[in-house]
Amino acid sequence: MKSNLDLIREVDLFPYEDHEPEAHQRIMSNIYTLLWEDDRGSYPIGYVLTRVHDQLLALDPAIRGPMTSDSEARTMTLFKEGGFDERTARAAAVADHFRRNDTFKILRKWRNELWPVYGRNGELLFSMERCALGLLGAVRYGVHMSAYVRDDSVPFGIKLWIARRSLTKETFPGMLDNTAAGGLMTGEDPFECIIREADEEASLPEDVVRNHAENPGTVTYIYITNEAQVGEAGFIYPECQWIYDLELPLDVIPKPKDGEAEGFYLKTVDEVKEDLRQGRFKDNCALVALNFLERRGMLQEEGEKELEEMRRRMNRVMPFPGPHQQGWRRQA
C-alpha cells in the first residue's frame, strides 16, 4: 500500500538541496550542468550524467560541434554554434550516432518527434528527438487530461474516466493512465495538443474538448528514470505537464482509437484512490490524478502538513527556463 505522499515522491525524485542536502550533493557529483549564455551571463538548461558527458567529450567534434567542459565546476556547454537550425542539426547528428551505436538504451524508444529546449528570454534554442532529450536532462513538456461525469449517487458526486495503457506499450504497459495525455512537440500549443491527443487516444470529439476543457495550470517535478519501466536507469527528467479537466456528458464515452489505450473505465473517486494506493497508475499519471483530487478537496484523509508537501512537490520550482516559469514569454 502506498500513501499519496509516497506516490508524489516516486515522481518528484530529484533530491531537494534544502531538505536532503547529502542526497542532493551525491547526485550533483555525478552530473554536469549544461549551461547556456546570453548578455546577462550563463544559466542552466539541463543536467547531463557524467557517463553521457564522457561519451560526448569523446565524440568526434565533426559530429557534435564545439563543446566545453569544466570538471572542477561540473559544467559544460554544447550546441551553441550557429542558429536554431544548425543547433537542431547538431543535436540530431549526436542522437543518431548514439542510436546507431546503441550507446544508450533509452534511444531504443525512438519516436521521430522533436521536442523543444528554451532559453530564458523566451527563445527556442534548439529541438531534439524526444527520447534523446533525456541525455541532456532538459525540461520535457506534455499535456494530461482528466475527464469526468457528474453522478450525485456516488461519494463526491463524480466519476472519472480512467484509461488502461495497452499491454504492448513500451513504457508502463497495462498500467492506469489519465483520460488522454501526450508530449508537446516543438511549436505545438498545449491546448491544441490535448485536443489532438483526446481524439487520437480516446476518440473524444474536438468540439467537446475545445468548448469544455478547462486548464487549472501545470504540474512540475523532476523524475529519475528506472530501468524496468524506461529501459535505462538514472536519467534526469525535469517535466512540466499542462493539466486539463473535462466534464463530459453521459452520452460521450471515451473509446480506444490509436492503440495507446486498451480501454476506458468509469471509476468513483474511492475506486481511483484504491487504485492509487495499490500502485496501479503510471507514475506521473498518479501525480496528475492526485492533483485533480487535491484541487477539488477530495483528499480529506490527508493532514495539512502532508497536503502542503504534496502541493510543493507537484509544483516544483525548477532551475531551468521555459514556459513553466512564472512570467516567461515565448518570443514570436
Side-chain angles (χ1 to χ4, degrees), residues 32-49 52-70 75-104 106-143 182-193 196-197 235-240 242 318-325 327-332:
Y32 278 76
T33 300
L34 181 61
L35 298 178
W36 203 261
E37 293 180 5
D38 60 20
D39 55 5
R40 289 183 286 159
S42 63
Y43 59 93
I45 62 169
Y47 285 152
V48 180
L49 300 185
V52 177
H53 164 275
D54 293 348
Q55 290 286 347
L56 287 165
L57 197 60
L59 193 57
D60 186 346
I63 297 173
R64 61 158 163 78
M67 172 181 171
T68 68
S69 173
D70 185 330
T75 60
M76 59 178 287
T77 66
L78 190 67
F79 303 149
K80 293 194 63 183
E81 186 180 55
F84 170 80
D85 290 340
E86 186 171 357
R87 298 169 196 151
T88 297
R90 288 290 192 190
V94 167
D96 183 63
H97 174 86
F98 287 150
R99 179 195 187 192
R100 286 186 287 103
N101 288 276
D102 201 26
T103 310
F104 301 104
I106 61 169
L107 299 184
R108 295 175 184 175
K109 303 182 186 300
W110 199 270
R111 300 288 291 271
N112 288 315
E113 294 179 11
L114 288 178
W115 280 15
V117 178
Y118 293 105
R120 66 179 168 191
N121 297 315
E123 72 274 36
L124 186 59
L125 301 180
F126 57 90
S127 294
M128 194 169 189
E129 156 63 30
R130 173 176 180 166
C131 68
L133 195 60
L135 300 177
L136 303 185
V139 182
R140 301 152 56 92
Y141 296 97
V143 293
L184 197 63
M185 292 184 286
T186 298
E188 192 169 25
D189 177 79
F191 189 50
E192 298 302 321
C193 181
R196 173 177 59 80
E197 294 289 353
F235 285 94
I236 298 164
Y237 286 5
E239 296 196 345
C240 170
W242 276 266
M318 297 194 293
F320 312 113
H324 57 283
Q325 297 286 14
W328 188 91
R329 293 290 184 271
R330 181 176 174 181
Q331 290 182 358

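In this view, F98 and F104 satisfy the ring pair (Phe, Tyr, Trp, His ring centres under 6.0 Å) rule, not counting sequence neighbours. Contacts of D39 classified as side chain to side chain contact (heavy atoms under 4.5 Å, CB included), with partners at least two apart in sequence or in another chain: none. In terms of the ring pair (Phe, Tyr, Trp, His ring centres under 6.0 Å) criterion, F235 has no residue partners (sequence neighbours excluded). Under the ring pair (Phe, Tyr, Trp, His ring centres under 6.0 Å) criterion, Y118 pairs with Y141, W328, not counting sequence neighbours. For P66, the side chain to side chain contact (heavy atoms under 4.5 Å, CB included) criterion is met by E81, not counting sequence neighbours.
Between the CD atom in E192 and the CG atom in L184 there is a gap of 11.0 Å [rounded to 0.5 Å]. Atom CZ of R196 sits about 13.5 Å away from atom CZ of F191, to the nearest 0.5 Å. Remark: L35 CG to L78 CG distance equals 11.5 Å, nearest 0.5 Å. Taking OG1 of T75 as the reference point, atom CG of L34 lies at 9.5 Å (rounded to 0.5 Å). With rounding to the nearest 0.5 angstrom, the NE2 atom of H97 is 5.0 Å from the CD1 atom of I63. A distance of 11.5 Å separates OH of Y32 from CG of L56, quoted to the nearest 0.5 Å.
Remark: side-chain polar atoms of E188 are paired, donor with acceptor, to backbone N or O of M185 under 3.5 angstrom. Looking at N101, its side chain never comes within 3.5 Å of a backbone N or O of T103 through a donor-acceptor pair. A distance-only check finds a donor-acceptor pair linking the side chain of Y43 to the backbone of R120 [under 3.5 Å]. The closest donor-acceptor contact from the side chain of Q325 to the backbone of F320 lies under 3.5 Å.
Between P116 and F126, the closest side-chain pair of non-hydrogen atoms is not below 4.5 Å. Proximity of M67 to H53: side-chain heavy atoms (C-beta onward) are separated by under 4.5 Å at one or more points. The shortest distance between side-chain heavy atoms of V139 and M318 falls below 4.5 Å. L125 is listed as a side-chain neighbour of W36, based on a closest heavy-atom distance under 4.5 Å. Residues M128 and T88 have side chains not in contact (no heavy-atom distance under 4.5 Å, counting atoms from C-beta outward). The shortest side-chain heavy-atom distance between L124 and T186 falls under the 4.5 Å cut-off. No side-chain heavy atom of S127 sits less than 4.5 Å from a side-chain heavy atom of V117. Looking at K80 and R87, their side chains never come closer than 4.5 Å, going by heavy atoms from C-beta outward.
Contact check on R99 versus E129 returns no salt bridge, with no Lys/Arg side-chain nitrogen under 4.0 Å from an Asp/Glu carboxylate oxygen. Ion pair D60/R64 not flagged as a salt bridge, since none of the NZ, NE, NH1 or NH2 atoms sits closer than 4.0 Å to an Asp/Glu carboxylate oxygen.
Side chain to side chain, T68 and T77 meet the donor-acceptor criterion of an N or O pair below 3.5 Å.
Of all non-hydrogen atoms in P238 and A138, the two that sit nearest each other are CD-O, 3.6 Å.
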Can you give the donor-acceptor pairs under 3.5 Å from side chains of residues 107-115 to other protein atoms, not counting sequence neighbours?
unit_1, atom_1, unit_2, atom_2, d
R108, NE, D102, OD1, 3.0
R108, NH2, D102, OD2, 2.8
W110, NE1, N112, OD1, 3.0
E113, OE1, R130, NH1, 3.1

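Under a cutoff of 6.0 Å and an axis angle of 45°, R90 and F79 do not form a cation-pi pair.
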